[in-house]
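What follows is a single structure, written as structure tokens, with notes after it.
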Amino acid sequence: MSSTLAKAALSGHGQSSLLRPRVSYICLMTRPDEVQRLVDDISHLLAAPTTLESRDFELIAFCAHDADGGDGSAGIDPVRMHSILGRGSTLQTRAWFEAFGIATATCPVRTPAAPELGIRPRLCLPVRHRRRLLGYVWLLDAGELDPAGAEVAAAVVLTERLAELLAARESTDVSAALADALTGAGARRAEALRVLAGQLGGVPAVVVATAVGPGIQLDGQRVQLLPAASPVAAPAGVSSPFTDLAQLRRAHRQAAYAARVAEAMPTLGPVLRWDELGAYRLLRDVPADDPEVTRLVAALADVPELLDTAEVYLDHAGNVQAAAAALFIHRQTLYHRIARIEALTGLTLTSGTDRLLLHLAVKVTAVKVTRLSGSPY
């Protein structure tokens, strides 16, 4: 990023001495991507050594000034040196900074010096995207910058752009990790679960499966991993909430099945949650190719209206008047169709057992053979 964006970020705050850099600066990162350029511009704007870290204090990018830190160390303290050389901070350092509320802050936070820990004064700019914390921009400034000043406000504008870039990267990383967690094995899957755990941060999650939409493509569906409180676009199937990612594959099976029920039974609702499926949950373990299921459905398959009639009649618990109204046919027509169903299947629909058998066969087929792809669940 050029200084043009940096100047634009300052617009509306009047003339600033930052447009005439107080010190020269050098970039220490070698990646010439936009994230690094934004870190460079923030460092240039505020004339301070700058570090960008993830919310887990892992180093993403940094830029150093040749400004003297007061003791000839060019603005470097042991904590910053460890972050650069070790690609992150220690747990002790993380706990010390988090004690100042940076993890929940939505505006710049001043952190004091702690000589006994090798920590100099810093200004922290939380990096948030749609209120979700993605990381921190750290400025080693000897306590000189005003958190409420126009200069810092300009840097916050650049930080917001950083948040957009990090969110886009994270989305890509999470999609790849989700695919590896669901289909991979061994170390590959373990690393994917680690990435997903960092994304969720202990928040209850759900797996969402849809016929079309965002997410990874798996078994003819689009699959997403979302915080449980996230809104879900219809139509979709949603798993039970979980916090242990060891349950991810189980949750995926729940969501995938719920999505197929939603597709087959639109009257149940455009978004179906596993916990709300009721009796349909019991059908999941009935194989669609069960011989009796296959026989009964095949017996009616050549006359499509008989399958629909059987389903509606049984959905209405054998109530002829209600079923006829739902099918928009005369009751006598329904009686005629019921007789044909019995003749073709060999069942007697006045028998509760036979009604249950046919109902199961019709529902299992409707749910487990998708109407979009025609492939079995």
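Nothing here was measured: the structure is a model prediction, and the numbers come from that model. For reference, positions follow the sequence shown, starting with 1.
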**OP:** Determine, stepwise, if the pair H252 / V223 fulfils side chain to side chain contact (heavy atoms under 4.5 Å, CB included).
**Re:** CA-CA 8 Å; H252 170 237; V223 181; 3.7 Å; yes
Original post:
Between V293 and P287, which heavy-atom pair has the shortest distance, and what is it?
Top reply: CG2-O, 4.4 Å
**OP:** Mind checking the CG-CG spacing from L52 to L134? Nearest 0.5 Å is all I need.
**Re:** 10.0 Å
Original post:
Could D219 and R253 be called an ion pair, given the rule that one side-chain N must be under 4.0 Å from one carboxylate O?
Top reply: no
Original post:
When you check the gap from the basic side-chain N to the acidic O, do R120 and D141 get nearer than 4.0 Å?
Top reply: no
**OP:** Indicate yes or no: does R128 engage E160 in a salt bridge with an N to O separation below 4.0 Å.
**Re:** no
Original post:
Which atoms form the tightest heavy-atom contact between L349 and E342, and what is the distance?
Top reply: N-OE2, 2.7 Å
**OP:** Can you spot which of T159, L165, V157 makes a side chain to side chain contact (heavy atoms under 4.5 Å, CB included) with R161?
**Re:** L165
Original post:
Could you walk me through whether R188 and D180 pass the salt bridge (charged side-chain N to carboxylate O under 4.0 Å, His left out) check?
Top reply: CA-CA 7 Å; R188 177 182 168 191; D180 285 344; 2.7 Å; yes
**OP:** Output the distance between atom CZ (R260) and atom CG (L272), rounded to the nearest 0.5 Å.
**Re:** 13.5 Å
Subject >> Pair Q224-I216, side chain to side chain contact (heavy atoms under 4.5 Å, CB included): steps then yes or no >> reply: CA-CA 7 Å; Q224 288 179 285; I216 64 170; over 6 Å; no
Original post:
Given R194 and E191, is the salt bridge (charged side-chain N to carboxylate O under 4.0 Å, His left out) satisfied, shown in steps?
Top reply: CA-CA 5 Å; R194 186 194 69 79; E191 172 60 18; 2.9 Å; yes
Subject >> Side-chain donor-acceptor pair present, R337, T309, cut-off under 3.5 Å >> reply: yes
**OP:** Identify the two heavy atoms, one from P147 and one from V152, that lie closest to each other, and give their separation to 0.1 Å.
**Re:** O-CG1, 3.7 Å
Subject >> Non-hydrogen atoms of E53 and L59 that approach each other most closely >> reply: CG-CA, 4.2 Å
**OP:** Please find out if less than 6.0 Å separates the ring center of Y280 from that of Y257.
**Re:** no
Original post:
Ring centroid separation for W138 and F62, is it under 6.0 angstrom?
Top reply: no
Report, one line per pair, each donor and acceptor closer than 3.5 Å where one atom sits in a side chain of residues 317-324; sequence neighbours left out.
{"unit_1": "N319", "atom_1": "OD1", "unit_2": "Q321", "atom_2": "N", "d": "3.2"}
{"unit_1": "N319", "atom_1": "OD1", "unit_2": "A322", "atom_2": "N", "d": "2.9"}

Original post:
How close do A251 and V207 get, heavy atom to heavy atom, and via which atoms?
Top reply: CB-CG2, 3.8 Å
Subject >> Considering all heavy atoms, the nearest I60-S54 contact >> reply: CD1-N, 3.7 Å
Subject >> Worked verdict on Y136 versus F97 for ring-ring contact (aromatic ring centres under 6.0 Å, His included) >> reply: CA-CA 11 Å; Y136 307 100; F97 283 115; 8.9 Å; no
Subject >> Inter-residue atom distance L334.CG - H316.NE2, 0.5 Å rounding >> reply: 10.5 Å
Subject >> Those residues that, when tested against E305, pass side chain to side chain donor-acceptor pair (under 3.5 Å) (two or more places apart) >> reply: none
Original post:
Roughly how far, to the nearest 0.5 Å, is the CG atom of L245 from the CG atom of L200?
Top reply: 6.0 Å
